[in-house]
Participant: 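Let me give you the structure first, and then I'll get to my questions.
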Protein chains: 2
Amino acid sequence: MKYSNQLRLLVAVDCIIFGFDGEQYKLLLIQRGFAPEKEKWSLMGGFVRAEETLDMAAERVLNQLTGLKDVYLEQLQAFSEPDRDPIERVIAVAYVALIDIKKYQQQIDDSFHAQWFTMNELPQLIFDHREMVTTALNNLRYKAALHPILFELLPEKFTLPQLQTLYEGLYDIKMDKRNFTRKLLSTNLLKKEKEKDKSSSKKGAFYYSLDETVYKNNFENFLNFVSKNDLNVLNE
Amino acid sequence: MKYSNQLRLLVAVDCIIFGFDGEQYKLLLIQRGFAPEKEKWSLMGGFVRAEETLDMAAERVLNQLTGLKDVYLEQLQAFSEPDRDPIERVIAVAYVALIDIKKYQQQIDDSFHAQWFTMNELPQLIFDHREMVTTALNNLRYKAALHPILFELLPEKFTLPQLQTLYEGLYDIKMDKRNFTRKLLSTNLLKKEKEKDKSSSKKGAFYYSLDETVYKNNFENFLNFVSKNDLNVLNE
DNA sequence: AAAAATAAATGTATTTTTTACACTAAATAC
DNA sequence: GTATTTAGTGTAAAAAATACATTTATTTTT
């Protein structure tokens, strides 16, 4: 038994993969291996298969094209312009992944044709992928202001200056070091480690790590990581 | 030219339609007119057609099944469990609509088989529609805490007590009248009218209306309509 | 016409949060 | 041992959020 006389469509997932290398935000792209737009830069995408959900499809595609596994991955939204793909109509459900670039650098370089691009040096993208990236970035800015989501972009141990760079980079603002530290520490999300990171200063900055329990319990809370003042910049 | 050897699927939109009648939140449902689950209660749904986007499909479905037009309508997310519809696999993209029940009461009663249900007296719904409603409600609570979205549920002229009932109803909390009024007025979203609504008290409450300019310019701002204290209730 | 009843409207003091702002501390390089 | 570099820290002022009770406008009742 089937629904008769109804249109059936291709459904794809496209992954917007944001990474942070300690200094900058980057986007992971691949050169598309098949027509149309062969060799052009593209998000990681693939068609949904019969036995998998969209979430599963996104995980699979991400893994097949980059080797990535168990990373933060979340549905963004569906894109559905009938002619977004010139070959045939495809409904695309976009997913956003956040990863620590250094953790996977080797693997991505070695085995796949994916490449990291700085956010302000993106090449031309196929189809409506540029729009997807813009939507994803706005969404990330929104979420990161309320939830401690940016930790997904950092290694397990990180320093307060790194954390601040992460926030400042996303909103392209400067924050006061003392106020930033106070706000972050007041969440109780951070555990101070005994060692220091000496790679970027003589004095060295203490490492911190996430308190996973607090993280899981408080993720959905509205935490106001970024002040309203700073956010208003986004609306100008 | 087509993508060969790829699975094609039915894609549907389902509309979660929230309404407010001045006292309570309600959900608009219809009795499904065809198998499977004929006669069971369902969200407004329909398959996407060849020439329309998902947004257009949602508008069309909403209009066909209820006569509603030009209402607040926004994509929620895609639901994709392979067996969510027992007949055949269907990818469903859920949309949320917000309307003022009284404005459309007549029309919905007269021409369609749709019916409003109080949120805590929902009948059994088909497929995964119950999950969609829960997701949509959580999403509405989230958004309404940050953006002046609940005005979509009110008539053009409304009173401060009505507005407070609207917020209190969504979060199932009591708010202080003086603090609530001060917060809402401080947004500059409200224009005081000269007339009073005398339907619910002897003294009567002044009508207010939305300042559309401020509304449009500030919608994306984070306005903190509901305090963090009150929101934490949701996470317990 | 006065009194009672009902819901709307309003202000202030206290606490909490956010902001603005500059010097000292630790380690290394020379 | 002096200079250099970045990390780390405190306090006062302003703004926002909270807790809390009486007066006002109008209608209904007597």
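Please read these numbers as outputs of a predicted model, since none were measured by experiment. Within every chain, numbering begins at 1; the chains are lettered A, B, ... in the order of the sequence lines, protein sequences first and strands thereafter. When reading the values below, keep in mind they use all heavy atoms of this one structure, side chains included, and skip hydrogens, waters and symmetry mates.
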Participant: Counting only heavy atoms and a strict 4.0 angstrom limit, can you tell me which residues of residues 177-194 of chain B come near DNA chain C?
Facilitator: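 When residues 177-194 of chain B is checked for heavy atoms under 4.0 Å from DNA chain C, the hits, listed by number, are B:K177, B:R178, B:R182.
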Participant: Is it true that A:R178 and A:D176 make a salt bridge, defined as a side-chain N closer than 4.0 Å to a carboxylate O?
Facilitator: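 Yes.
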Participant: Is a side-chain donor or acceptor of A:K196 paired with a backbone partner of A:K203 at a separation under 3.5 angstrom?
Facilitator: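 Yes; judged by distance alone, with no hydrogens or angles, the pair exists.
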Participant: With no hydrogens and no angle check, do the side chains of B:R182 and B:N179 hold a donor and an acceptor under 3.5 Å apart?
Facilitator: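 Result is yes, a qualifying pair exists.
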Participant: Would B:E74 and B:Y72 count as having a side-chain donor-acceptor pair, cut-off 3.5 Å?
Facilitator: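 Per modelled atom types, B:E74 and B:Y72 side chains form a pair under 3.5 Å.
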Participant: Between A:K202 (NZ) and D:dT5 (P), how many Å, whole number?
Facilitator: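 Rounding to the nearest Å, NZ of A:K202 and P of D:dT5 are 6 Å apart.
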Participant: Do A:S209 and A:E193 have side-chain N/O donor and acceptor atoms under 3.5 Å apart?
Facilitator: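 There is such a pair between these side chains.
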Participant: To the nearest Å, give me how far apart NZ (B:K196) and P (D:dT24) are.
Facilitator: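 The answer, rounded to whole Å, is 13 Å.
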Participant: When we call it a touch if two heavy atoms are under 4.0 Å apart, what does B:S200 touch: a base, just sugar-phosphate, or nothing?
Facilitator: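 Since only primed, P, OP1 and OP2 atoms lie under 4.0 Å of B:S200, the category is sugar-phosphate.
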Participant: Please confirm whether any donor atom in the side chain of A:K203 sits under 3.5 Å from an acceptor in the base of D:dT5, or the reverse.
Facilitator: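 Checked by distance alone, the answer is no.
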Participant: Crowded around B:Q124 CD? As in, over 12 foreign heavy atoms under 6.0 Å?
Facilitator: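 No - once you tally the heavy atoms of other residues, nucleotides and ligands closer than 6.0 Å, there are 12 at most.
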Participant: Which is more 5' along DNA chain C, the nucleotide nearest A:N224 or the one nearest B:Y208? Just name the residue.
Facilitator: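 Its nucleotide being nearer the 5' end, the pick is B:Y208.
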Participant: Reading DNA chain C in the 5' to 3' direction, which nucleotide is the first one with an atom under 4.0 Å from a heavy atom of chain A, and which is the last?
Facilitator: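 Under 4.0 Å from chain A, the extent on DNA chain C is C:dT19 to C:dT28.
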Participant: Could you pick out which residue, A:S201 or A:D176, lies toward the 5' side of DNA chain D when each is mapped onto its nearest nucleotide?
Facilitator: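 Upstream on the strand: A:S201.
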Participant: Is there a Watson-Crick or G-U wobble partner for C:dA1 with both distances under 3.5 Å, and if so, which one is it?
Facilitator: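 Check on C:dA1: paired to D:dT30, both distances under 3.5 Å.
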Participant: Please determine whether a side-chain nitrogen of the Lys or Arg among B:D21 and B:K102 lies less than 4.0 Å from a carboxylate oxygen of the Asp or Glu.
Facilitator: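 No, no charged N to carboxylate O under 4.0 Å.
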Participant: Does any donor atom in the side chain of A:D55 or A:T53 lie under 3.5 Å from an acceptor atom in the other side chain?
Facilitator: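 Result is no, nothing qualifies.
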